[in-house]
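Contents: one structure, followed by commentary.
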Amino acid sequence: MLAGLAVCRKMSQIRAVMVILSSVLLVMSGYLCYEFLSLRAAGNTEEMLFQGHWLWYAPLNIKLSVGVDGISVLMLMLSSIIVFAGTFASWKIDPLPRNFFLWFALLSMGVFGFFITIDIFTMFMFYEVALIPMYLLIGVWGTGRKEYSAMKLTLMLMGGSAFLMLGLLGIYWHSGPSADGAAHTWNILEIAHNNAIGTGWQYFLFPMTFVGFGVLGAMFPFHTWSPDGHACAPTAVSMLHAGVLMKLGGYGCFRIAIYLLPQAANDLSWIFIVLTGISVVYGAFSACVQTDLKYINAYSSVSHCGMVLFAILMLNTTAMTGAILQMLSHGLMTALFFALIGMIYGRTHTRDIRKMGGLMQIMPFLGVCYMIAGFASLGLPGLSGFVAEMTIFFGSFQHADMFHRVFVIAATCSIVITAVYILRVVGKLLLGKVYDEHHRTLTDATWWERLSTITLIVFIAAIGCFPNWINETIQHSFAPIIANLQSVI
């Protein structure tokens, strides 16, 4: 993708390259999912499939080790869907469209690399590759206080990366021997198999890794970069950032902090349940008082991503299944929200809901799509949000102690709060009389905007109506993690 864009000069060539390559990426992700399910159906229960290992730096035993399980496959599918939809949402990007798509492609490359690697050093490298382009994408092509937001986002995420790097180095030095005889290993599967990290070191390393990834997952109180970053980012960047990049936080917490440090996860999870529970409720309440469409969706993302981390910390299969469903659901619906907000802003030149009204009369296609996104967000049955949240709450309520159940009930209340701000926005933005008579001359969605939004809606409905295939994809992925957690109880 990067090479193809580098030789393009005309906008038509740039669009053609992005459409072709994002389409190929989507097809390849679908084929990977098909092959993965075929191997599982044939009886292959190996923890990671399609593994490959290439030595990069012998003195530290750093390898490019790749492999996927059901969770990785679904995250790759999510990423390819949003890259495809984001390409069409950026059809008219200006200025410097080639530069924009080059950085957009680099960001996408970091995301895909992160999800397929099973070596924690190269995982961290791809993590940084995914973060660095955000500064330029927001600072150059963003709106509003874009320089401030880009710098704030970069500094806070780099601060989280510093904690994360310390945690990963600690895991490496206490990892135990590798399969090829080296003294230490970066390989996630080998570290889990060795189980050589002492309890004392786990208590030290678990907060570092969980906070390091949790910053990207917008965990309270490290979430403040998220609303400003989302509000000022261009449409496709907001889609990819909220839809995929924030999922790196939840995926990293699950794959590294919980899996490799099980004793500390069991003993210290209550601290982070408190923080993530605050994220869920605080994010929903904050969305209620916003008047800017992007800020509403940004705080909603804080709440929904907090739900992902909250479910992971419940440390049981049902809640973790809900966390993966929530990652998929939130990724699709928040990408749809940001796409629609960008399309509405491109026509009305405002994101202030106090200055808009009656848009359903003027642009009915965009209005219906916005209502679908809203209903998915508040958990309407038949859409992805309902399946994800109900699975999380059922799994979380399996804990019989008062502490867990109090926080589950508090998190459940966020559904009501979400309904309040979603219905408020839908009523003010789409229904009622037209606030600004100049808006009557506006046009509805173009063909490329329709393609972008319909793609996302189809997958939101597919998850809501047919969730069993997702469960079949990930059912083997939790077994080694749960076994690690139960071995230290």
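Just the heavy atoms: all of them, side chains too, but no hydrogens, waters or symmetry mates, feed the values below. Bear in mind the structure is a predicted one, so any value in this text is a computation, not a measurement.
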Check your understanding: Counting heavy atoms not belonging to Phe365, are there more than 12 under 6.0 Å from its CZ?
Key -> yes
Review point. Do Arg405 side-chain atoms and His399 backbone N/O form a donor-acceptor pair below 3.5 Å?
Key: yes
Check your understanding: Once the angle between the rings of His349 and Tyr345 is folded into 0 to 90°, is it parallel (under 30°), tilted (30 to 60°) or perpendicular (over 60°)?
Key -> perpendicular
Review point. In Å and rounded to the nearest 0.5 Å, what is the CD1 to OH distance from Ile344 to Tyr370?
Key: 6.5 Å
**Study point:** Test item: side-chain donor near acceptor, Tyr259 and Arg255, under 3.5 Å
**Key:** no
Review point. Rounded to the nearest 0.5 Å, how far does CG of Leu32 lie from CG of Leu49?
Key: 9.0 Å
Practice item. Please check if the side chain of Gln290 supplies one atom and the backbone of Ala287 the other of a donor-acceptor pair under 3.5 Å. Key: no
Exercise for review: Take atom CE of Met28 as the centre, draw a 6.0 Å sphere, and report whether it contains more than 12 heavy atoms from other residues, nucleotides or ligands.
Suggested key: no
**Study point:** Phe104 vs Trp141 side-chain heavy atoms within contact, under 4.5 Å
**Key:** no
Study note, to complete from the structure: Closest heavy-atom pair, Val83 versus Ser22, reported as atoms and distance to 0.1 Å, is CG1-CB, 4.1 Å
Review point. Met109 versus Leu106: any side-chain heavy-atom pair under 4.5 Å?
Key: yes
Review point. Judged by atom type as modelled, is there a donor-acceptor pair below 3.5 Å linking the side chain of Asp69 to the main-chain atoms of Ile474?
Key: no
Point to revise | Side-chain heavy-atom pair Met327, Leu78 within 4.5 angstrom cut-off | key: no
**Study point:** Aromatic contact, Phe285 with Tyr299 (centres under 6.0 Å)
**Key:** no
Which pairs would a plain distance check flag for residues 374-384, meaning a side-chain donor or acceptor within less than 3.5 Å of a matching protein atom at least two apart in sequence or in another chain?
residue : atom : partner : partner atom : Å
Ser384  : OG   : Ser329  : OG           : 2.8

Check your understanding: Does Glu128 reach the main-chain N or O of Phe124 with its side chain, forming a donor-acceptor pair under 3.5 Å?
Key -> no
Review point. Quick check: does any side chain N or O of Trp225 sit under 3.5 Å from a backbone N or O of Val215, one acting as donor and the other as acceptor?
Key: yes
Review point. Looking only at heavy atoms, what is the nearest atom pair of Phe36 and Val68, with distance?
Key: CE1-O, 3.8 Å
Check your understanding: Which of these, Val237, Val140, Leu136, sits in a side-chain contact (heavy atoms from CB on, under 4.5 Å) with Phe100?
Key -> Val237
Exercise for review: Spell out, as yes or no, whether a donor-acceptor pair under 3.5 Å connects the side chain of Lys247 to the backbone of Ile324.
Suggested key: no
Review point. Are Tyr251 and Ser72 linked by a side-chain donor-acceptor pair shorter than 3.5 Å?
Key: yes
Exercise for review: Start with the C-alpha distance between Tyr127 and Phe213, add both sets of side-chain angles, then the distance that settles ring-ring contact (aromatic ring centres under 6.0 Å, His included), and finish with yes or no.
Suggested key: CA-CA 10 Å; Tyr127 181 86; Phe213 283 118; 5.6 Å; yes
Review point. Counting distance only, does the side-chain N/O of Lys294 pair as donor-acceptor with the main-chain N or O of Ala233 below 3.5 Å?
Key: yes
Exercise for review: Report yes if the side chains of Asp292 and Asp352 come closer than 4.5 Å at any heavy-atom pair, otherwise no.
Suggested key: no
Review point. Can you check whether Ile409 reaches Phe393 side chain to side chain, under 4.5 Å on heavy atoms?
Key: no
**Study point:** Polar contact flag, side-chain donor to acceptor under 3.5 angstrom, Ser414-Ser303
**Key:** no
Practice item. I would like to know whether Met134 and Trp103 meet side chain to side chain contact (heavy atoms under 4.5 Å, CB included); could you show each step before the answer? Key: CA-CA 8 Å; Met134 289 299 300; Trp103 287 109; over 6 Å; no
Side chains of residues 332-340: which donor-acceptor partners sit under 3.5 Å, not counting sequence neighbours?
residue : atom : partner : partner atom : Å
Thr334  : OG1  : Asn297  : ND2          : 3.3
Thr334  : OG1  : Ser301  : OG           : 3.1

Check your understanding: For Phe310 and Val408, what are the C-alpha separation, side-chain angles and deciding distance, and is it a side chain to side chain contact (heavy atoms under 4.5 Å, CB included)?
Key -> CA-CA 9 Å; Phe310 182 81; Val408 173; 4.2 Å; yes
Review point. Would you say Arg351's side chain and Ala231's backbone share a donor-acceptor pair under 3.5 angstrom?
Key: yes
Exercise for review: Keeping the roles fixed (side chain from Ser452, backbone from Ala85), state whether a donor-acceptor pair exists under 3.5 Å.
Suggested key: yes
Exercise for review: Show your reasoning for whether side chain to side chain contact (heavy atoms under 4.5 Å, CB included) applies to Arg347 and Leu366.
Suggested key: CA-CA 11 Å; Arg347 290 164 169 78; Leu366 293 179; 4.1 Å; yes
Check your understanding: Do His330 and Val308 touch side chain to side chain, with heavy atoms closer than 4.5 Å?
Key -> no
Revision key, fill the gap. Distance col, row Leu248:CG vs Met123:CE, nearest 0.5 angstrom, shows 8.5 Å
Exercise for review: Quick one: do Thr122 and Thr117 satisfy side-chain hydrogen bond (donor to acceptor under 3.5 Å, both in side chains)? Show the steps, please.
Suggested key: CA-CA 7 Å; Thr122 48; Thr117 187; 2.8 Å; yes
Study note, to complete from the structure: On a heavy-atom basis, the closest approach of Val302 and Ala218 is CG1-O, 3.9 Å
Check your understanding: Going by heavy atoms in the side chains, are Leu325 and Glu389 under 4.5 Å from each other?
Key -> no
Check your understanding: Just how far is it from atom OG1 of Thr318 to atom CE of Met314, taken to the nearest 0.5 Å?
Key -> 12.5 Å
Point to revise | Arg40 vs Thr473, side chain to side chain contact (heavy atoms under 4.5 Å, CB included): CA-CA, chis, key distance, verdict | key: CA-CA 8 Å; Arg40 287 294 195 221; Thr473 305; over 6 Å; no
**Study point:** Point-to-point distance, once rounded to the nearest 0.5 Å, from CG of Leu25 to CE of Met18
**Key:** 9.5 Å
Point to revise | Phe88 atom CZ: more than 12 heavy-atom contacts under 6.0 Å | key: yes
Check your understanding: Out of Phe222, Phe220, Phe210, which residue meets the ring-ring contact (aromatic ring centres under 6.0 Å, His included) rule with Phe272?
Key -> Phe210
Check your understanding: Do Leu293 and Met356 have side-chain heavy atoms sitting under 4.5 Å apart?
Key -> yes
Point to revise | Candidate list Leu155, Thr154, Leu157, test side-chain contact (heavy atoms from CB on, under 4.5 Å), partner Tyr135, passing option | key: Thr154
Point to revise | Donor-acceptor contact present, side-chain Lys146 to main-chain Ile138, <3.5 Å | key: no
Check your understanding: Looking only at heavy atoms, which two atoms of His241 and Leu153 are closest? And how far apart?
Key -> CE1-CD1, 3.3 Å
Check your understanding: If you round to the nearest 0.5 Å, how far is CD of Glu449 from SG of Cys369?
Key -> 10.5 Å
Review point. Taking all non-hydrogen atoms of both residues, which atom of Trp469 and which atom of Cys33 are closest, and how far apart?
Key: CZ3-SG, 4.2 Å
Exercise for review: Cation-pi check, Arg424 to Tyr421: give yes when NZ or CZ is under 6.0 Å from the six-membered ring centre and within 45° of the ring axis, no otherwise.
Suggested key: no
